[in-house]
Amino acid sequence: MSWFEKLMPSRISTEKRTRSVPEGVWIKCQECDAQLYRTELERNLYVCPKCDYHMRIGARRRLEYFLDPDSQQEIAASLESRDPLRFKDSKKYKDRISQAQKKTGEKDALVAVTGTLHSRPVVACAFEFAFMGGSMGSVVGERFCRAARHSAENKMPLISFSASGGARMQEALFSLLQMAKTSAALAVLGDMRVPYVSVLTDPTTGGVSASLAMLGDVNIAEPKALIGFAGPRVIEQTVGQRLPEGFQRSEFLLDHGTVDMIVDRRELREQVADLLAKFEHRPRPVS
Amino acid sequence: MVKRFTTRWTHQYSLVGSLGLGRMDLKFLDFEQPIAELEAKIEELRFVGDDSEISINEEVARLKGKSAALTKSIFSKLGAWQIAQIARHPMRPYTNDYLGYFAPDFQELHGDRMYADDPAIVSGVGRLDGRSVMFIGHQKGRDTKERVRRNYGMPKPEGYRKAQRMMKMAEKFSMPIVTLIDTPGADPGIGAEERGQSEAIAHSLYLMAGLRTPIISVVIGEGGSGGALAIGVGDRLLMLQYAVYSVISPEGCASILWKSAEKAEEAAEAMRITAGSLEDFGFVDEILPEPLGGAHRDPAAAAEVVRNALLHHLEQLDRLDIDQLLEERQRRIAGFGQYKE
């Protein structure tokens, strides 16, 4: 945060910030320890210029990087959680939500928009991992389904960027059933023969991985993203041994036939645009 | 043919073996201890038997009445965690037990045609009151050896892919699908990850949403998260009275949110995992009452209740043509969730 922003009361500040990436002028790459200049990193879409490590980025930034500039319109922005169980563990779920809202500036863990990709209208949605671990509850499920419906009704391809620990425990069975709900919405989309591209980013596990994230006509992973059903700690506890290096990383999934391709973040726009163009029998989009 | 009879025989045998040994072997749970003590007394008196001078029959009858009343009173105010214990009771009837009762001509069909047969899921064709039905259910093991073989009822990707194959077959031959849910969850092992556990579950959800045949699911024991849901999407969801259904096990939830697995009881309450709570939320269409003390006290009676409920709901679904059925299913699934605009 700059000194000027610090002086501004937060209510007036309109810029929505995601904290997936540490603040400051210099940022250290978690992978190669290189000290990186922030503006340079931003220009490089938060991919380390030294070692190509893909840092986690927030939902807004993700969509901004992916879609044509100034083309976005949000879908179902007003939806908010109702805390149907009045859930309380060491903290109230309500408080966790408002905390997450303050921290991320988002109402919940998924942002869905319409926009254009190389001028082709599309629907895109992205998980906000900083919002309660990108967990999927009723709002995430409903937003995703509305995005899918918009996509089906207007025959606009759907692209989703997942980053999630899975279902949101505080909504218990409500959240589990979002797996069924989002998958059913994709089944309708599939019947309409509208393309759906799922981009799996670091990390995608649990209920999100076991529903919408794996159901792409094409599943794309960012390099070295952690992707799996069970989290590595759970597996380690279950099998009682350390997991091999690279287990559940994108390259492992590619080897095992779970994802179609691994695409560098800086090439995502072009690659997805060209894929969609082929599915829709259009010439290669010009950038 | 021979094989079928063999399995049927072992199956009968295992029931006799597990249930025919008298009340002492009912494996009482912690909160059932007062009942266990009474039952022990009754058993003792029986042993004393006729060679005693006093008439024991009267005393036995009195104690039996007391035991039933006590059971009723304890079972009328069970907490979610206690119900979870009943749902996981080692003697609770499993899929194969139910099939033995209400679909005696069940033929098990094996394998996903790609990799393996997963014994944690049992599937095949049978008849329910004369009509052909595709049955798919989780199967836990009764003894240690079988538990290991069936992986404690935790399916691997090949299990879900086998289920998908059966579902498509059911659609092809216009058979309704009945699924029996009883799993701690999908297998969280290395092999499962290698073979795409996530994809297998996701694809099942996708398939069931649009399958052109009626689907009824019954939670007969543990409804463990995505591993349960993967065979649990359809037109009806029924739950046995002491079954549970949750997004994560109470222990798992407790260790993440309370940072201690010992808070499982609190987590079980907070997540509202019981049939009653889930019916209040509109997820469950009917709660199937269990015999006093739980389904394991009288598996035949429990099976009869399940059978009748299945017939009732199948008949209801028969009245819809397929397009209507699918429309209602889609509306049902799309309605899951609570939010404000």
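In this text, all values refer to a predicted model and were calculated from it rather than measured experimentally. Computed over heavy atoms, backbone and side chain alike; hydrogens, waters and symmetry mates excluded.
Residue contact with chain A, scored on non-hydrogen atoms closer than 4.5 Å, is absent for B:E266. When heavy atoms are compared at a cutoff of 4.5 Å, B:A334 approaches chain A solely by way of its backbone atoms N, CA, C and O. Contact annotation for B:Y245: both backbone and side-chain heavy atoms come within less than 4.5 Å of a heavy atom of chain A.
Between the side chain of B:K340 and the backbone N or O of A:E80, no donor-acceptor pair lies under 3.5 Å. Looking only at distances, a side-chain donor or acceptor of B:E193 sits under 3.5 Å from a matching main-chain atom of A:A230. Between the side chain of B:R272 and the main chain of A:A172, no donor-acceptor pair closer than 3.5 Å is present.
Taking CG of A:L173 as the reference point, atom CZ of B:F281 lies at 9.5 Å (rounded to 0.5 Å). Taking OG from B:S225 and CZ from A:F229, the interatomic distance works out to 6.0 Å, rounded to the nearest 0.5 Å. The distance from atom OG of B:S255 to atom CZ of A:R233, rounded to the nearest 0.5 Å, is 9.5 Å. Taken from CG in B:L205 to NZ in A:K181, the straight-line distance is 14.5 Å, to the nearest 0.5 Å.
For the set A:M214, A:Q248, A:R168, A:K107, the count of heavy-atom pairs under 4.5 angstrom toward chain B peaks at A:M214.
Enclosure of atom CD in B:Q338 by more than 12 non-hydrogen atoms of other residues, nucleotides or ligands within 6.0 angstrom is indicated. The number of heavy atoms from other shown groups lying within 6.0 Å of CZ (B:R147) is above 12.
Among residues 78-86 of chain B, no residue has any heavy atom closer than 4.5 Å to a heavy atom of chain A.
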